[in-house]
K.L.:
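Once you've had a glance at the structure underneath, I'll fire off some questions.
To find a chain, count down the sequence lines: A is the first, B the second, and so on, and within it residues start at 1.
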Amino acid sequence: MIGRFLSGAKNRLLPPSVPFRFFTAAALFYVLFWAVLFWKAGEVAGYRLGSGPVLALIHLATLGVLTMTVIGASLQLLSVATRKAFRGVWICRLLSWVYIPGFIVLAYGMFANWYPAMLIGAGFAGLGLLIFFFLIIDNIRGVRGMAAIMAHCWASMLFLFAAVAIGILLVVNLDYGLDLDQISLASSHFILAIFGFMSLIAMGFSYILVPMFAIAPAPSEKNGRLSIACNVVAIIIALAGINSHQDWLLMVADILGMVGVGFYLYGMITVYKTRMRKRLGTPFVLIRVSWVMLPLALIWGAVGIGGYWPQNGYALFALLAIIGWLLTFLNGVLQRIIPFLGSMHGSNRGGPLLASSMADMRLFDLNAVGHLAGLVFVALGIIIDNDTVIRLGAGLGFIGGLGLFSYVVIVVGLLSRKQRESASGPL
Amino acid sequence: MPSATDSTGSPDWFSCLDRRHCERMDVRPLLAAGTDPLTQILARVDALSPGVVLQIDAPFDPVPLRRLLAGRGYASHPVRLSGDHWQVFFHQQAAPELPSLAGLPEFPLMWQDGALDMDLRGLMPPNPMVAVLRIIEGGGAGDSFTVWLDRDPVHLYPELAERHWRAEVVEQDSDGVRVRISKESET
């Protein structure tokens, strides 16, 4: 009976193979991220710039885990929110065929210092991201309402476009020696990708996903608009500061970013206080930790701009922003969204498929404990400059990553079986 | 919504009733002629002045009619006068208080035909879902109510299933979907 009522909902969702190929890839690259960190722990703390295993490691987290998750979630949920179907499932599939192999080649090229592979990989991954860019822009164009969320989508997509362009320029510069300012380019690419694209889209989706998970009224639209306005201006000022080598501009950008993040967190705290679902479970432990890490990253950034960073300050900043804020937040979101989508796609005439019946939920606890322990030990290892402690953190993170990956694989297997069963059903 | 009753088991409103002020309708001749009187009864109900009680004379206790009108907010009380003569009295109950939905933006909310009807179009997600779940958990809308939504409420379905409620799209046009949300039957 429920299946009949869900049929309308299912029609609005893309086939499960589309989002789940991105989620599976994200979970796999998440495990690989910790594995590479374990392997190359000795090169992490002092890293500042240049290709090699640490650059590959950073991109495993950003392009491999974060962007992959963002693509899967956007393709699945945005069309529901905007009431506009994407322009063809085949384009979404094409995106995966271009982006995922492109990213693998790029990451391997970075890891092995093999510039031709970096160039080819960057070309394909960049093309994939451009397909994603046009898919999203096409979907959000002319949408009524949800002004703050749409503003986040627009801004993040424009910053993505700029980040991809600069990323490709960086690879070309490495390969052909164009004599461009590599440090300014790399710093601009970092700010655009981490704070411009990924953070803004994470914050934008928070305005729907967090109240939906917690069952709470959406935060005020005004709050979201103030947040995105501050954050966009902050990123533009930061880019100006980086490229003009004016630290005071960077400090202004950091402070303005803190104000923008303050508006965002105020909205999220309001949601948290007014929620109907009292027991939010493991995903919200991760999400709440990420909300602490985001301002902490900005505060640590301000310390660095002021010239007070110790030797490994840059690595700690990258760790707070990438693992502390973004990876922790997206792990929490994945822990809620995968069971939900599994339930939506796996329902049948027998009723809805419950999250707890799909796979052992303790895999998520393992994921959360491993991730948070990994974060703490890797941070500690960077601060005291101790490779063994970093390696210990990476090992714990790896075990946690296996928990998430196992859950995703089990759900994908279950959905595949259900799909086969329904294809060869009694009728 | 159950009515208070007196010591004889009759509801209070019936015990205090002055039958001279009832509006009467005898459907026995219609039934004897093989005509279904439902349309005429509903027309009389629609034209009924506020506070006036409708008295229907019938050859049996019209339980399906009583259920139908209960859904429109009418309490009823049957009185058996003889084996083939029943008088059934219909009294419009005061509309129950509208549920409180503090913290959510304002939206049209009213009682219609004895059931709560909400227009949640234009609200930012997930406010429509929150409104529906608050109504369900508050228990102020009985076992069924309807909502107008901008979109197919995909995220609501698992939440409803978890609470043993269900949703059914009853109307759909370019302005949105009208969804009936009702409690799963015990069977």
K.L.:
Has A/Arg277 got a side-chain atom pairing as donor or acceptor with A/Arg279's backbone, closer than 3.5 angstrom?
P.N.:
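Such a contact is absent between A/Arg277 side chain and A/Arg279 backbone.
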K.L.:
By a 4.5 Å heavy-atom criterion (distance strictly below it), what part of A/Met276 contacts chain B: side chain, backbone, both, or neither?
P.N.:
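Side chain only.
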K.L.:
Take A/His152 and A/Phe205 through the test ring-ring contact (aromatic ring centres under 6.0 Å, His included) and record every step on the way to the result.
P.N.:
CA-CA 8 Å; A/His152 278 81; A/Phe205 280 178; 9.7 Å; no
K.L.:
Could you list the residues that satisfy ring pair (Phe, Tyr, Trp, His ring centres under 6.0 Å) with A/Tyr272, not counting sequence neighbours?
P.N.:
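Counting only residues at least two positions away or on another chain, A/Tyr272 forms no ring pair (Phe, Tyr, Trp, His ring centres under 6.0 Å).
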K.L.:
Excluding sequence neighbours, so at least two apart, what forms ring pair (Phe, Tyr, Trp, His ring centres under 6.0 Å) with A/Phe23?
P.N.:
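A/Phe20.
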K.L.:
Below 4.5 Å from any heavy atom of chain B, which atoms of A/Ala216 appear? Answer side chain, backbone, both or neither.
P.N.:
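The answer is the backbone of A/Ala216.
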K.L.:
At a heavy-atom separation under 4.5 Å, does A/Ile149 approach chain B through its side chain, its backbone, both, or neither?
P.N.:
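Answer is side chain: those atoms of A/Ile149 sit under 4.5 Å from chain B.
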